[in-house]
Amino acid sequence: MDLLHELNSPQREAVTSTEGPLLVLAGAGTGKTRVLAYRIAYLVGPMGVSPHDVLAVTFTRKAAGEMRDRVRSLVGDVGHGMWIGTFHSICARILRYEARSLGFPPNFTIYDEHDQAALIKQVLKTEEKSETRGSPAGILSRISAVKSQLIRPEEFRARATGHRDTELARLYEAYEAGLRENNALDFDDLIVMPVRLLRANDQLLDRVSGRFRYILIDEYQDTNFAQYELIRLLSSGHGNVCAVGDDDQSIYQWRGADVANILNFEKDFPGTRVIRIEQSYRSTKTILAAAQAVIKNNRRRKDKELWTANPVGRKIGVNGVLSEEEEGAFVAATIAELVKDEGKTLSDVAVLYRTNAQSRAIEDALRRQGMPYILVGGTRFYERKEIKDIVAYLRVLVNPADSISLRRILNVPPRGIGDVTMSRLESHAVEQDISLLEAIEGSGRIGEIGPGIRRKLADFVSLIDGLKSAAASGSIGELISTVAEDTGYIAFLEDQGTPDAVARLENVRELAAGAYEYEERAEEPTLEAFLEEISLLMDIDMWDNTGERVSLMTLHNAKGLEFKAVFLAGVEEGLLPHHTALEDDAEVEEERRLFYVGLTRARERAFLSIATSRRGFHGFLTRSVSRFLHEIPPEHVEYLSDVYEAYGRGGADDGNYSGEEIVIQVGAWVKHPDWGIGRVKACEGYGRELRVTVDFGHNNVKKVLARYAGLEPVDEGEV
DNA sequence: TACATTGCGATCCGT
DNA sequence: TCGCAATGTA
């Protein structure tokens with residue numbers, strides 16, 4: 001069959017070794033997505049496997065869609081009935097599918113991080129105020145770490161030793177109870193629940209694992225323990241698991257991904273066959289060699305030698321600039337050159353960065369040049385306030401137990417129900433052991449609530465009842481319009497009349513349009529499934545590269561993509577590697593992998609830019625060149641400016657520059673070797689031009705160039 | 001008691 | 001820059 005002729009020999013082996021566990025170690029650009037698609041095609045084509053027997057897990061919904069399309073183009077439209085999706089969407093599907101037989105409510109709500117934060121804040125309020133240290137987000141991430149290790153609250157409490165863990169165990173327990181009360185699942189639950197159910201119920205395990213006779217997982221290096229366990233359970237009967245991954249591209253350990261999954265695969269799945277694919281088809285020799293040289297500095301990795309038959313190509317352009325503005329200008333000007341001189345189109349180009357905040361300066365520069373771009377990420381559509389408000393109404397209609405959503409909308413738009421009423425309702429609900437909605441429905445019996453407010457609450461109840469009947473009939477798009485209209489949300493926004501409100505109105509309309517689009521596309525559209533879909537939607541899922549636009553995204557979002565030309569912006573100590581990672585070797589290694597992922601997105605051209613000064617929160621951050629740049633052999637690099645030499649390599653012109661990041665901001669304390677300790681009164685300009693006015697006391701006020709003055713930051717304690 | 005305003009603090013990456 | 005918490009005002 002000519003399906004196999006288009007593959008190299010290890011690829012072909014990976015495609016045709018259909019039985020038993022298989023680990024494919026495929027480096028950047030070696031065609032691992034291709035292998036997966038061909039493998040599925042091989043199974044459902046020549047092998048005659050029913051598409052229903054195949055389960056393919058990808059990292060994004062977008063990748064799942066592309067996989068499906070590729071399979072379709074190889075073997076025709078047999079893809080129907082094939083389960084291709086992300087871990088989270090597949091698990092949500094399994095949960096709804098099996099819910100009834102397990103006595104589990106299928107109308108659960110999926111809580112995103114905002115909902116989780118709202119819930120944990122409630123927990124913190126009710127729990128006694130024993131020094132609950134840490135932000136809600138911090139607590140949640142610790143809970144998530146424990147939870148994705150499949151450790152239940154009771155177990156965690158039992159083995160908790162320190163005060164800190166005991167405290168966390170209490171919060172974890174209360175948080176879990178809160179989720180159950182609200183009939184809600186968080187992202188971890190989506191994986192953890194099916195695992196628990198499969199472990200506890202042999203019949204279920206037989207049924208589900210018997211269904212998927214061939215399992216494929218993409219980006220295996222980014223799976224966490226719960227996901228590993230899920231795969232282990234699902235494949236326990238037949239062992240037909242094919243995991244594809246690259247430990248050098250593991251960039252989600254901060255989120256609980258465990259690279260041990262890929263490193264221990266052979267041990268965990270006895271009889272594993274390992275296939276390495278080391279020929280890269282993507283990048284030039286130069287880019288590949290540079291990336292390899294950098295990643296070799298990581299200690300914890302499987303050694304591998306990627307090679308390519310591609311041309312040597314151009315050197316990697318490195319440009320030092322003085323500010324974000326200059327960085328943006330450099331990027332825009334260079335893109336214009338690539339278009340003019342090399343015939344690149346804008347969709348061939350991506351600008352990648354470590355943090356979303358970096359996009360603004362790039363966007364400004366591109367806009368100034370009149371260069372169209374598409375931004376992936378930033379504030380997401382479904383996280384906008386107005387969208388979350390409308391969605392909260394929909395959630396309450398589907399899942400009346402969801403008090404987090406209910407709380408959100410009870411007084412939105414404002415209808416005269418304030419904090420005090422809210423707390424009365426809540427304590428009543430707790431006392432009577434009923435849901436918040438039931439408390440509202442029965443508010444006539446709550447003595448503390450006055451007749452005026454009772455009336456308002458009754459109005460709210462009939463509003464919800466009306467919407468419930470609207471939800472029962474008619475389309476989802478229509479329902480959204482009805483919700484927006486009947487709740488007074490539209491009128492509320494119209495009354496404001498600000499440009500901001502106009503934009504919000506537009507977004508609400510777009511939500512309805514999105515729902516209509518969903519209804520056309522889905523085989524069996526339901527409100528539950530629509531809500532699930534938008535909960536699990538990722539920024540990158542909405543990206544399409546068909547237009548004539550430059551793509552802007554974070555390094556994380558760029559995983560799995562490729563472009564002819566790639567810009568890495570902000571290749572600086574403190575940004576890449578990020579300053580929060582500097583303390584810990586393992587985290588620096590993850591930053592290095594991130595750099596590696598970024599560089600290997602490029603097929604022909606790569607550019608790195610370094611801004612030696614960036615605007616911080618209030619002042620300026622002075623930055624030095626990333627260590628990762630120094631790890632690239634000089635013969636692969638071409639310096640496009642001399643700033644790099646002056647600041648990065650040579651240290652400073654005046655010998656005072658320490659190479660460390662210093663923060664200059666108004667009000668900060670600084671130290672000077674001659675003048676002693678002083679306080680910054682003003683800042684102007686940036687980079688080389690950054691001048692600061694420092695008051696050293698005793699009428700000694702100096703206005704100096706920050707960079708060359710030999711100023712050092714001073715701890716609060718020293719002052 | 002509800003709602004507007006001000007001020008402050010946090011800011012990495014994202015299912 | 002933005003969202004949230006504390007504060008002020010009707």
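Comparing C/dT1, B/dT1, B/dC13 by their nearest atom to the side chain of A/N356 picks out B/dC13. Here the side chain of A/F187 is nearest to one of B/dG14, B/dT15, B/dC12, namely B/dT15. The side chain of A/R255 sits closest to B/dT15 out of B/dT1, C/dA5, B/dT15. Candidate nucleotides B/dT1, B/dC13, C/dA5 were compared by shortest atom distance to the side chain of A/I453, and B/dT1 ranks first. With B/dG14, B/dA2, B/dC3 as the candidates, the nucleotide lying closest to the side chain of A/M538 is B/dG14. Of all nucleotides listed (B/dC13, B/dT15, B/dT1), B/dC13 comes nearest to the side chain of A/T554.
Of the residues near DNA chain B, A/E591 and A/L537, the one whose nearest nucleotide (by heavy atom distance) lies more toward the 5' end is A/E591. Across the interface with DNA chain B, nearest-nucleotide mapping of A/G377 and A/R415 shows A/R415 to be the residue nearer the 5′ end.
What separates CG of A/L594 from C1' of B/dG14 is a distance of 12 Å, to the nearest Å. A/H114 places its NE2 atom 13 Å from the C1' atom of B/dA10, with the value rounded to the nearest Å. Here the C1' atom of nucleotide B/dT15 and the CG atom of A/D218 are 15 Å apart, to the nearest Å. B/dC3 atom P lies 5 Å from atom CG of A/N411, rounded to whole Å. One atom, NE2 of A/H579, and another, P of B/dC12, lie 7 Å apart when rounded to the nearest Å. One interatomic measurement links the two molecules: CZ of A/F595 to C1' of B/dC12, which rounds to 18 Å at whole-angstrom precision. Atom CD of A/Q358 is separated from atom C1' of C/dT1 by 16 Å (rounded to the nearest Å). Computed from coordinates, the A/E113 CD to B/dT11 C1' distance equals 13 Å when rounded to whole Å.
Here A/Y252 does not count as stacked on B/dC13, because the ring centres are not under 5.5 angstrom apart with planes under 30°. Stacking is not found between A/H556 and the pyrimidine-like six-membered ring of the B/dC13 base under the 5.5 Å centre-distance and 30° plane-angle cut-offs.
Residue A/S535 is classed as having no contact, given no heavy-atom separation below 4.0 Å to the nucleic acid. Contact annotation for A/N557: backbone-only contact, meaning every heavy-atom pair under 4.0 Å involves sugar-phosphate atoms and none involves a base. Contacts of A/R61 with the nucleic acid, taken as non-hydrogen atoms under 4.0 Å apart, are absent.
No cation-pi contact links A/R142 to A/Y172, judged by a cut-off of 6.0 Å to the six-membered ring centre and 45° from its axis.
A donor atom on one side chain and an acceptor atom on the other are not found under 3.5 Å apart for A/T58 and A/D218. Defined by atom type and a distance below 3.5 Å, a donor-acceptor pair is present between the side-chain atoms of A/E219 and A/Q221.
A salt bridge between A/E532 and A/R93 is absent, with no side-chain N of the basic residue lying under 4.0 Å from a carboxylate O of the acidic one. Taking a cutoff of 4.0 Å between a charged side-chain nitrogen and a carboxylate oxygen, A/D389 and A/K385 qualify as a salt bridge.
A donor N or O paired with an acceptor N or O is found under 3.5 Å between the base of B/dC12 and the side-chain atoms of A/T580.
Every residue meeting the ring pair (Phe, Tyr, Trp, His ring centres under 6.0 Å) condition with A/F530, not counting sequence neighbours, appears here in chain and number order: A/Y518.
In this structure, A/T421 reaches the B/dA2 phosphate: one of its side-chain N or O atoms is under 4.0 Å from OP1 or OP2.
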